[in-house]
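Okay, so here's the structure we're looking at.
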There are 2 protein chains.
Amino acid sequence: MITRIDHIGIACRDLDASIEFYRRAHGFEVVHSEVNEEQGVREAMLRINGTDDGAASYLQLLEPIRDDCAIAKYLEKHGEGVHHIAFGTADVVAATEAATSTGIRALYPAPRRGTSNSSINFLHPKDCHGVLTELVQAADPADAHHS
Amino acid sequence: MITRIDHIGIACRDLDASIEFYRRAHGFEVVHSEVNEEQGVREAMLRINGTDDGAASYLQLLEPIRDDCAIAKYLEKHGEGVHHIAFGTADVVAATEAATSTGIRALYPAPRRGTSNSSINFLHPKDCHGVLTELVQAADPADAHHS
Ligand SMILES: [Co+2]
Ligand SMILES: [Co+2]
């Protein structure tokens with residue numbers, strides 16, 4: 001079951017410039033940043049609000065660290081902008097299966113590592129009316145490593 | 001000050017098909033729908049979670065009702081997908097001025113009517129790293145009309 005909008009993923013050419021943009025325009029602050037080598041991105045999470053499932057909603061700013069990653073390809077084709085939306089769930093496998101059971105394709109056969117050791121999968125945008133949709137399960141608190 | 005992600009605005013060719021898609025894939029339900037003649041859209045709000053400012057976060061599904069509205073032009077150029085993101089605030093004029101004071105252009109000189117008699121403005125995507133950004137102030141409860 002999905003219990004929140006976890007984040008909106010935004011493709012940026014220059015992560016530091018986008019962080020500064022959101023700080024000046026709206027006062028948003030970075031609460032976490034990391035490099036995800038597998039996803040090919042340098043990223044920053046800006047916390048916007050708490051959610052009634054005990055978690056929070058974020059903007060996720062994503063800058064590619066290599067030319068063959070999804071964000072680099074998106075920037076080349078579309079320029080900067082919203083890349084994906086992410087829904088939070090307590091069980092990413094169950095939420096993925098609920099979607100794939102209706103005929104939607106998942107991008108990964110099993111969840112991969114997302115921000116802060118979360119478990120994530122993506123649903124194919126062609127099966128979701130043009131919206132690349134991520135499903136996110138937060139790491140167990142005992143496993144979490146925050147930078 | 002911005003206190004929540006209010007909604008993610010998604011451009012659809014067929015509102016009923018998109019509503020049915022989100023119901024089947026994720027179990028989301030419509031909590032409000034309306035026609036906004038000024039914006040040129042038929043829309044549905046799907047509530048995803050409550051937020052710690054006492055409001056909630058939604059998906060806003062938008063179908064054009066005429067060919068010259070922003071959503072129709074978006075669909076023609078990009079196809080279905082995320083059209084804008086919307087931040088909630090208790091004071092849309094102040095939140096707009098905070099942004100425009102940093103050089104960002106607002107689309108309207110004064111707020112217009114949004115969903116459920118909210119007051120809204122938009123920030124120009126070219127000034128926001130490619131993200132069309134809406135600012136939303138909910139209607140006073142006494143003024144609200146829910147369908
Ligand atoms: Co993401
Ligand atoms: Co909107």
Side-chain angles (χ1 to χ4, degrees), chain A residues 1-14 17-18 20-28 48-59 61 75 78-89 95 98-104 123 125-133 135, chain B residues 1-14 17-18 20-28 48-59 61 75 78-89 95 98-104 123 125-133 135:
Chain A
M1 199 178 83
I2 284 164
T3 56
R4 70 182 175 280
I5 294 177
D6 188 86
H7 63 268
I8 300 165
I10 297 175
C12 311
R13 294 193 194 284
D14 178 335
S18 283
E20 178 61 12
F21 165 77
Y22 280 106
R23 195 190 61 72
R24 289 190 71 217
H26 305 302
F28 300 158
I48 312 301
N49 59 267
T51 54
D52 61 1
D53 64 353
S57 294
Y58 302 86
L59 296 189
L61 306 179
L75 287 169
H78 302 283
E80 294 186 311
V82 175
H83 176 258
H84 65 272
I85 68 175
F87 296 121
T89 173
T100 58
S101 73
T102 70
I104 298 168
L123 304 177
K126 289 197 178 157
D127 298 341
C128 297
H129 291 269
V131 178
L132 175 58
T133 303
L135 302 171
Chain B
M1 196 177 83
I2 285 164
T3 56
R4 69 183 176 280
I5 294 177
D6 188 86
H7 63 267
I8 300 166
I10 297 176
C12 312
R13 294 194 193 283
D14 178 336
S18 283
E20 178 62 11
F21 164 78
Y22 280 106
R23 196 190 60 74
R24 290 190 72 217
H26 305 302
F28 300 158
I48 312 301
N49 58 267
T51 54
D52 61 0
D53 64 352
S57 294
Y58 302 85
L59 297 190
L61 306 179
L75 286 169
H78 302 284
E80 292 187 312
V82 175
H83 176 258
H84 66 271
I85 67 175
F87 296 121
T89 174
T100 58
S101 74
T102 71
I104 298 168
L123 304 177
K126 288 197 179 158
D127 298 340
C128 297
H129 292 269
V131 178
L132 176 58
T133 303
L135 302 170

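So you know, we letter chains A, B, ... as the sequences are listed, proteins then strands, and number each from 1. Note that the structure is a prediction, hence the values are computed from the model and not measured.
Residue contact with chain A, scored on non-hydrogen atoms closer than 4.5 Å, involves the backbone of B/Tyr58 exclusively. Both the backbone and the side chain of B/Thr51 come within contact range of chain A, with heavy atoms under 4.5 Å apart.
Looking only at heavy-atom pairs under 4.5 Å with chain A, the residue among B/Thr100, B/Leu132, B/Ile85, B/Thr102 that has the most is B/Thr102. The residue among A/Gly79, A/Ala56, A/Gly88, A/Ser18 with the most heavy atom pairs within less than 4.5 Å of chain B is A/Ser18. The greatest number of non-hydrogen atom pairs below 4.5 Å with chain A, out of B/Thr89, B/Leu135, B/Thr3, B/Asp53, is found for B/Thr3. When the candidates A/Asp52, A/Thr133, A/Ile2, A/Val131 are compared by the number of heavy-atom contacts under 4.5 Å with chain B, A/Asp52 comes out ahead. Chain A forms more heavy-atom pairs under 4.5 Å with one residue of B/Gly81, B/Pro125, B/Ser101, B/Gly103 than with any other, namely B/Gly81.
For A/Ala98, there are no side-chain contact (heavy atoms from CB on, under 4.5 Å) partners at least two apart in sequence or on another chain. Judged as a side-chain contact (heavy atoms from CB on, under 4.5 Å), and not counting sequence neighbours, the contacts of B/Asp127 are B/Ile104, B/Arg105, B/His124.
For residues 6-14 of chain B, a heavy-atom distance under 4.5 Å to chain A picks out B/Ile8, B/Ile10, given by residue number.
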Do any side-chain atoms of residues 21-28 of chain B form donor-acceptor pairs under 3.5 angstrom with protein atoms, and if so which ones, sequence neighbours left out?
from: B/Arg23; atom 1: NE; to: B/Glu20; atom 2: OE1; distance (Å): 3.1
from: B/Arg23; atom 1: NH2; to: B/Glu20; atom 2: OE1; distance (Å): 3.4
from: B/Arg23; atom 1: NH2; to: B/Glu20; atom 2: OE2; distance (Å): 2.9

